[in-house]
Structure formats: C-alpha cells, structure tokens
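Numbers restart at 1 for each chain; the letters A, B, ... are given by sequence-line order, proteins then strands.
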Number of protein chains: 2
Amino acid sequence: MSLSVGQVSRLAGVTVRTLHHYDEIGLLSPGERTAAGYRRYTDDDLVRLQQVLLYRELGFPLEEIAVILDDPRVDELTQLRRQHELLIRKSDRLREVITAVERAIEARARGITLTPEERLEVFGAFRPEDHDAETERRWGGTDAYADSRRRVASYTKADWLALKAEAAAVGEELAAAYTAGLPAGGEPAMDLAERHRLHISRWFYTCTYDIHRCLGELYVSDPRFTAVYDEAAPGLAGYVRDAIAANAARHDH
Amino acid sequence: MSLSVGQVSRLAGVTVRTLHHYDEIGLLSPGERTAAGYRRYTDDDLVRLQQVLLYRELGFPLEEIAVILDDPRVDELTQLRRQHELLIRKSDRLREVITAVERAIEARARGITLTPEERLEVFGAFRPEDHDAETERRWGGTDAYADSRRRVASYTKADWLALKAEAAAVGEELAAAYTAGLPAGGEPAMDLAERHRLHISRWFYTCTYDIHRCLGELYVSDPRFTAVYDEAAPGLAGYVRDAIAANAARHDH
DNA sequence: CATGAACCCTCACGCCACGTCAGAGGCAAA
DNA sequence: TTTGCCTCTGACGTGGCGTGAGGGTTCATG
C-alpha cells in the first residue's frame with residue numbers, strides 16, 4: 001500500500017525533485033525504504049504531504065512548516081482549521097485585488113485616470129477596515145454591486161460607447177420631458193423611467209423596482225448624483241426620482 | 001510630481017531593494033534621475049509598477065512579465081482584462097482548495113478517514129470540469145451547500161457530539177412515531193418534521209420549507225439516504241418525507 | 001556653518017526552494 | 001539478455017530578492 005516517489009509526485013502535482021528535497025531537509029521523509037534504497041511513502045506520509053503543500057501554498061517557508069507540523073500539541077484537525085482561516089483570509093485579499101482591477105478597467109474604459117494611490121492601494125502594506133464600508137452600507141449587502149463590477153469588467157470600448165450613448169439618450173429625453181412641463185407621474189415620464197431601469201438591468205445589474213426606487217432617492221440625496229442631473233436642468237434630479245417612484249408604483253398596481 | 005524610491009516602496013508595499021532589482025534587470029527603470037543619481041518615478045512608472053505587481057502576484061517570472069508588458073500590440077486595458085481573467089481563475093482555484101480543506105475538516109471531525117487521493121486531489125495537475133457537478137445539479141446552484149461547508153468547518157468536537165446527539169434524538173422519535181402507527185400528517189409527526197428542519201437550520205444552513213421538501217424527496221430517491229432511515233425501520237424514509245411535506249403544507253396554510 | 005538624521009547610491013555576497021544535468025543502479029516484460 | 005522506464009545520489013545553477021558595507025545627499029536644527 002505504499003507508493004513510490006513517481007506515484008506520489010503525480011498524485012500531488014509536485015516534481016520528484018521536490019520530494020527529494022523535502023526528504024533532504026527532513027521535512028518529509030518517507031516512512032520506509034526498499035532494500036535497494038527506493039523511497040516508499042505511507043498513508044501517513046501523504047497526510048503530512050497534504051499539510052506541507054497547504055502551508056506552502058499559503059507562503060510559509062519550509063523550515064517554519066516543519067516547526068508547525070512537528071508541534072506535538074497541535075493535532076491534524078487544528079492544523080486544518082488554521083489552514084482554513086488562512087485560506088479564507090487569502091481569498092478575501094484576492095477578492096480585493098480583483099475589485100481593484102475591475103475598478104481600474106472601468107476607469108480606463110471610460111477614460112478616467114486613477115491616481116497612483118488608487119492604483120497601488122491594494123498592494124500597500126497595512127490597510128484597516130475602511131474596505132468598502134460606504135458601498136456596503138449604501139447597497140445593504142446586496143451583491144448587485146459585485147455583479148455590476150464583474151459585468152462591467154468585460155466590456156469593450158465599443159460596449160462603453162453604446163452604453164454611454166444609450167444613457168445619454170435617456171437622460172436627454174428625461175430633461176426634455178422635464179423642461180416641457182410634463183408631469184413626473186404621467187405616462188411619458190414613467191416610460192422614460194422604465195427605460196432607465198432597463199438600461200441599468202441591461203448593462204450593470206438586475207435592477208428591480210425596489211432597487212430603482214432606492215436609486216431615485218440617491219439621485220436627490222447624494223450630491224454627486226444630483227450634480228449630474230441638475231447640471232442638465234436644475235430640479236431634474238427630483239423629477240427623475242418622482243418619475244421612477246411613479247413607474248414603480250404603476251408596476252406594483 | 002515624481003516620487004523617490006522610498007515613497008514608491010511605501011505606496012506599493014514593496015522594499016526599496018525590490019525596486020532596485022527591477023531597475024537592474026530593466027523591468028522597471030525610473031523615468032528620471034536627479035543630478036545626484038537619485039531615482040525619480042513618474043506616474044507612468046507607477047502604472048507599469050501596478051502591472052508588474054499584478055503579474056507577479058499571479059506567479060509570472062519577472063523576465064516573462066517584461067516580455068508581456070513590452071508587447072507594443074497590447075494596451076493597458078487589454079492587460080488589465082487578461083489580469084482580471086487570470087485572477088478570477090486563481091480565485092476559483094483557491095475556492096477549490098478551501099472546499100477540499102473543509103471536506104477534510106468535516107471528515108476528520110466525524111472520524112472518517114479520507115483516501116490519499118481525496119486528500120491530494122486538489123493539488124493534482126490537470127483536472128477537468130468534474131468539479132462538483134453532482135452537488136451543483138442536486139442543489140440547483142443555491143449557496144446553501146457552500147454555506148453549510150463554511151459553518152461546519154468551524155465546529156469543535158463538542159459541537160459535533162451535540163449535533164449528532166440532537167440528530168439521533170429526532171431520528172429516534174421519528175422512528176418511534178412511525179412504528180407506533182402515528183399518521184405522517186398528524187400533529188406529532190409534523191412537529192418532529194419541524195424539529196428536523198430547525199436542526200438543519202441551526203447546524204448547517206437556512207433550511208426553508210421548500211428546501212426541506214426537497215430533502216424529503218431525497219430521502220426516498222437517494223439510496224444512500226434511504227438506507228440510513230430504513231435501517232432504523234423499513235419504510236421510515238417514506239414516512240419522514242410525508243411528515244416533512246405535511247409540515248411544509250401546514251406552514252403554507 | 002556645522003551637525004545630525006534620514007534618505008539615497010552602488011557593489012557584492014548570501015539564501016531559499018528547488019531545476020537540471022550526470023553517472024550509476026533496479027526491475028519487469030519481451 | 002536486452003530494452004525501457006524507474007530510481008538513486010551528488011553537484012552545480014537559478015530566480016528573486018535580503019542583507020550588509022562603504023559612502024554620498026538633503027534638509028531642518030543648534
């Protein structure tokens with residue numbers, strides 16, 4: 001039931017040389033040897049190998065791995081649990097990097113230039129839990145935001161042009177309806193609100209009527225958004241919010 | 001607006017030596033130097049540094065990174081997109097490793113021993129998309145399963161004992177009700193089904209009535225589950241399913 | 001103006017985790 | 001016995017820096 005170096009190497013996806021090396025430094029010596037001196041790995045050796053590879057994947061130096069694994073006070077289950085936590089942490093870190101890249105892509109695709117700080121932020125050493133607190137709070141833990149990021153990241157330049165043209169068209173028509181004095185609760189305004197909702201669903205994330213309502217509120221409560229609309233026509237932000245609300249209400253019956 | 005080595009190193013979370021090294025091998029040479037020979041990094045240099053660090057994080061050798069970045073046919077956006085995909089792939093890989101560790105923890109905590117293949121599988125070289133097809137299919141892409149894994153991974157031995165005792169109690173009472181001839185649609189049986197549902201919610205994942213119904217079906221359709229129940233009393237699996245269905249129906253009105 | 005303290009420079013050697021031969025032997029099937 | 005594939009033990013090489021040594025630069029103080 002014991003395995004040769006070659007078999008173990010194939011099973012574990014490491015080279016024979018690596019196994020030799022681990023034997024040399026005493027990190028993982030096979031439990032047995034044949035008369036001819038061939039290494040024979042037992043099941044226990046493979047358990048240890050799994051541990052070694054996991055800690056290695058986590059970036060520990062081999063010497064330290066030996067110390068960790070040879071601690072007699074710590075059993076396998078505890079090791080696994082430690083590894084699990086470290087892996088989760090690594091996974092979180094990776095997600096941050098991915099988000100940063102998505103942000104960079106988005107910025108680049110729209111022609112915005114990020115500051116060096118924004119670009120390199122994710123590599124910086126210690127950063128406390130500022131994380132994405134604002135976004136989290138605002139979107140209440142939905143994954144619409146992550147969803148959006150992921151989709152946006154795959155857009156080509158052409159996609160962005162189409163997207164912006166579409167957004168501009170809806171925006172202009174809303175502004176026109178507003179300046180023409182059409183009521184926010186009227187059919188034309190509500191239809192435009194619906195187009196706005198579909199635009200978001202198509203390009204960013206599934207925008208339910210509830211989410212759309214929240215967005216409407218945001219347009220008047222968040223100055224950064226308000227500015228965009230009110231630049232086109234003062235008071236437009238509020239008009240848009242009302243049209244969205246009316247459209248959502250119409251849909252609810 | 002240019003930065004010194006020290007400033008860049010702090011910003012990017014790398015050592016000064018690393019920046020010197022990148023300059024030495026021609027991977028990233030600062031755009032300017034002061035009269036005294038001090039390195040001065042421009043914004044463009046920082047953009048390049050971001051790229052370098054990303055590819056490095058992805059495990060590329062420095063020499064290859066130079067080749068990739070110096071390809072004149074590929075612009076920054078394309079680079080970012082490539083990086084994004086590689087990062088996603090890495091993230092998926094990491095999730096697999098985490099799942100494997102969770103499986104190992106679970107097995108260990110219950111006293112089951114995994115085969116070496118199962119343990120080392122995740123490290124093996126090429127593995128096609130067998131992934132978790134069965135689980136995926138069965139649970140229809142809900143994240144109840146992942147949820148469960150994550151929670152289970154943090155249980156101590158004591159937790160497992162409590163968990164098993166609780167499960168055994170519910171199981172025995174169900175068997176007793178069945179052998180006593182109590183109807184599956186009766187109040188006692190339905191109450192037991194509800195306790196069963198709460199047990200799952202408490203220890204594994206949020207078990208809605210719908211999910212619970214599916215579980216009931218599973219108990220009669222999957223021989224591995226059927227065996228567990230019918231071992232206690234032949235026909236118990238079907239009884240449990242009916243009790244679960246009745247309890248769910250009761251809840252729906 | 002001198003004097004630290006904090007930067008920065010260029011060698012140059014060291015280290016870790018293997019990769020990559022070389023030369024020799026082991027083993028099962030043909 | 002030959003053929004083909006393992007496996008063994010040295011031993012040197014390599015990539016990506018770490019870690020000094022020895023010395024110049026800059027700038028706010030005494």
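When heavy atoms are screened at a 4.0 angstrom cut-off, B:Val16 is found touching no nucleic acid atom at all. The residue B:Arg40 sits apart from the nucleic acid: no heavy atom pair falls under 4.0 Å.
Between B:Leu27 atom CG and D:dG15 atom P the separation is 14 Å, expressed in whole Å. The CD-C1' distance, from B:Glu24 to C:dC13, rounds to 13 Å in whole Å. Straight-line distance from the CD atom of A:Glu64 to the P atom of C:dA17: 10 Å, rounded to whole Å. The CG atom of B:Leu19 sits 15 Å away from the P atom of D:dG16 (whole-angstrom rounding). Rounded to a whole Å, the CZ atom of A:Phe60 is 20 Å from the C1' atom of C:dC18. Between the OH atom of B:Tyr22 and the P atom of D:dG15 there is a distance of 14 Å, given to the nearest Å. Whole-Å rounding puts the B:Arg33 CZ to D:dT25 P distance at 14 Å. What separates NE2 of A:His21 from C1' of D:dT7 is a distance of 19 Å, to the nearest Å.
With DNA chain C read from its 5' end, the first of the two nearest nucleotides for B:His20 and A:Thr34 is the one closest to B:His20. Two residues, B:Ala36 and B:Arg56, neighbour DNA chain D, and the one matched to the more 5' nucleotide by heavy-atom proximity is B:Arg56.
Each of A:Leu49, A:Leu19, A:Leu11 was compared with A:Tyr41 under the side-chain contact (heavy atoms from CB on, under 4.5 Å) criterion, and only A:Leu19 meets it.
With 3.5 Å as the limit, one finds a donor-acceptor pair spanning the side chains of B:Gln51 and B:Gln83.
For B:Tyr38, the side-chain atoms get nearest to D:dG24 when compared with the rest of D:dG24, D:dT7, D:dT26. Listed nucleotides D:dC17, D:dG18, D:dT7 differ in distance to A:Ser4; the shortest reach to its side chain belongs to D:dT7.
Side-chain N or O atoms of B:Thr18 include none that pairs as donor or acceptor with a backbone N or O of B:Val14 at under 3.5 Å. Within the 3.5 Å criterion, the main-chain N or O of A:Leu27 finds a donor-acceptor partner in the side chain of A:Arg48. A donor-acceptor pair under 3.5 Å links the side-chain atoms of A:Gln79 to the main chain of A:Ile68, judged by distance alone.
Checking the phosphate oxygens (OP1, OP2) of C:dG19, a side-chain nitrogen or oxygen of A:Thr18 falls inside 4.0 Å. An OP1 or OP2 oxygen of C:dC8 is reached within less than 4.0 angstrom by no side-chain nitrogen or oxygen of B:Arg39.
Taking only distance into account, the side chain of A:Arg17 meets the base of C:dT20 through a donor-acceptor pair shorter than 3.5 Å.
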